[in-house]
2 protein chains.
Amino acid sequence: MERMKAPASTSGTAQAPQEPRWLTDEEQHVWRSFMEGVTLLDDHLDRQLQRDAGMPHVYYGLLVKLAEAPRRRLRMTELAMLAKITRSRLSHAIARLEKNGWVHREDCPDDKRGQFAVLTDEGYDVLRQTAPGHVEAVRQAVFDRLTPQQQKSLGEIMRIVAEGLQPAEAGADLPWLR
Amino acid sequence: MERMKAPASTSGTAQAPQEPRWLTDEEQHVWRSFMEGVTLLDDHLDRQLQRDAGMPHVYYGLLVKLAEAPRRRLRMTELAMLAKITRSRLSHAIARLEKNGWVHREDCPDDKRGQFAVLTDEGYDVLRQTAPGHVEAVRQAVFDRLTPQQQKSLGEIMRIVAEGLQPAEAGADLPWLR
DNA sequence: GGCTCCTCCTTGAACTTTAAACAAATGGTC
DNA sequence: GACCATTTGTTTAAAGTTCAAGGAGGAGCC
């Protein structure tokens, strides 16, 4: 419903709502393709990783962030920000990954409130074993189908979108912007 | 983890796994921007609709599909396919929307197994009242930030991605492709 | 009719995510 | 030091999603 009958504009002078800026037909098509593609892709990758690695895509992404971090560890808040998820969600996720033995928590010496999420060797192994299959899935679904120019555009476009939704300040919780 | 140390290639003649086609640096940047943008956008719209319409984005999408359908009604399977979700998920979702009074089920006369999901007047009203705010959110997050050319590219690109992941045959359940 | 296979949709359990509330530690200010 | 606001991370419950299983109707075939 990106477009609908417009409400009669108030004849007064101080109307606030204004006429909604409905999407044009072209914009609607773009939006629907986008939502459709994202939905299908997300489900596809979730299924692929659930099957081959025993975890959803987001959890896999957490292990990746940890694997790339200095001592394969990150503070909870930092990991949450990198992965663009709330701290609450991260708490649950790490709890689950800990149960799998792929991550363990460690106290932060500097800040007694702090916790590090640390990638275990088992976690690293899971990543090493499942990464090839995952890249292949990403390639087949996305990169193999796009021209180099399209790949470049996609990157630029999504970077712009992401920037626009970035949290105002680091450290803030996710309900960033209102 | 779109890239990682490669396993030593087997020297035999019949190795299947092959060297994984890791992502190049550029591809990785594209992929990360994409995932980041999608995550932030999805969360943003979910929050916006949860706040203003009392339902997640997917549910809102279901009401939209119903509103556009001939007699504001669709068979469950068809709605599931249009929305790109499983029938199971749809069953739960419609149950919830029914509790809200925004949708109601109706038996299909032709096929006793069949059910129609029908948008109620209340459901339509919710849509009419919340659509302006939602379009505005979509505009601010996406269209206002992109040039017409970028909008066009985004549409083409995501249409290609979506097509590649489309279910083989209509009527099949979602675990389409394997 | 009886049989088999498929389709339509639902269900319940397990799992994940969200939202709100909270304890503990920190940091600045007086 | 005492105070108060902020930050960190967790917890609880409710909501949503997934997965596997299943009841019931339809469709083709004998």
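Note that this is a predicted model, so its numbers are computed, not measured. Naming convention: chains lettered A, B, ... in sequence-line order (proteins, then strands); numbering from 1 in each chain.
- If you find the closest nucleotide of DNA chain D to A/Q50 and to B/P56, the one lying nearer the 5' end belongs to B/P56.
- What separates CZ of A/R89 from P of C/dA20 is a distance of 17 Å, to the nearest Å.
- In this structure, B/M55 atom CE and D/dT17 atom P are separated by 13 Å, rounded to whole Å.
- Regarding contacts with the backbone of C/dC8, a side-chain N or O of B/R87 is found under 4.0 angstrom from either OP1 or OP2.
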Pair up each side-chain donor or acceptor in residues 153-163 of chain A with any protein partner under 3.5 Å, not counting sequence neighbours, and list the distances.
residue	atom	partner	partner atom	Å
A/S153	OG	A/Q149	O	3.1
A/S153	OG	A/Q149	NE2	3.4

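- Qualifying side chain to side chain contact (heavy atoms under 4.5 Å, CB included) partners for B/E122, counting only residues two or more places apart in sequence or in other chains: B/W102, B/T120.
- Residues passing the side chain to side chain contact (heavy atoms under 4.5 Å, CB included) test with B/M35, sequence neighbours excluded: A/D42, A/H57, B/W31.
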Review item, nucleotides 1-3 of chain C N/O atoms under 3.5 Å of protein N/O:
none

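- Not one side-chain nitrogen or oxygen of B/R105 sits closer than 4.0 Å to the OP1 or OP2 atom of C/dC9.
- A straight line from CZ of B/R96 to C1' of C/dT18 spans 13 Å, rounded to a whole angstrom.
- Whole-Å rounding puts the B/L49 CG to C/dT18 P distance at 14 Å.
- Atom P of nucleotide D/dA15 and atom NE2 of B/H57 are separated by 21 Å, given to the nearest angstrom.
- The interatomic distance linking A/E78 (CD) with D/dT7 (P) rounds to 16 Å, in whole Å.
- Taking atom CG of residue B/L90 and atom P of nucleotide D/dC19, one finds them 16 Å apart after rounding to whole Å.
- Below the 3.5 angstrom threshold, one finds no donor paired with an acceptor across the side chain of A/H92 and the base of D/dG9.
- B/E27 pairs by the salt bridge (charged side-chain N to carboxylate O under 4.0 Å, His left out) definition with A/R139, not counting sequence neighbours.
- Under the side chain to side chain contact (heavy atoms under 4.5 Å, CB included) criterion, A/Q115 pairs with A/M76, A/R105, A/D107, not counting sequence neighbours.
- For the contact set between residues 107-116 of chain B and DNA chain C, defined by any heavy atom under 4.0 Å, the members are B/R113, B/G114, B/Q115.
- In this structure, A/V126 and A/M55 have side chains that are in contact, with non-hydrogen atoms separated by less than 4.5 Å.
- For B/D43 and C/dT17, the CG to P distance is 11 Å, given to the nearest whole Å.
- Around NE2 of A/H29, the count of heavy atoms belonging to other residues, nucleotides or ligands within 6.0 Å does not exceed 12.
- Legend: residues meeting salt bridge (charged side-chain N to carboxylate O under 4.0 Å, His left out) with B/R113, ordered by chain and number and at least two apart, are B/D111.
- Heavy-atom distances to DNA chain C give each of B/S91 and A/A93 a nearest nucleotide, and the one nearer the 5′ end belongs to B/S91.
- In terms of polar N and O atoms assigned as donor or acceptor, the side chain of B/S88 comes within less than 3.5 Å of the base of C/dT11 in a complementary pairing.
- Residues that satisfy the side chain to side chain contact (heavy atoms under 4.5 Å, CB included) test with A/Q48, not counting sequence neighbours, are A/R51, A/D52, A/H134, A/A137.
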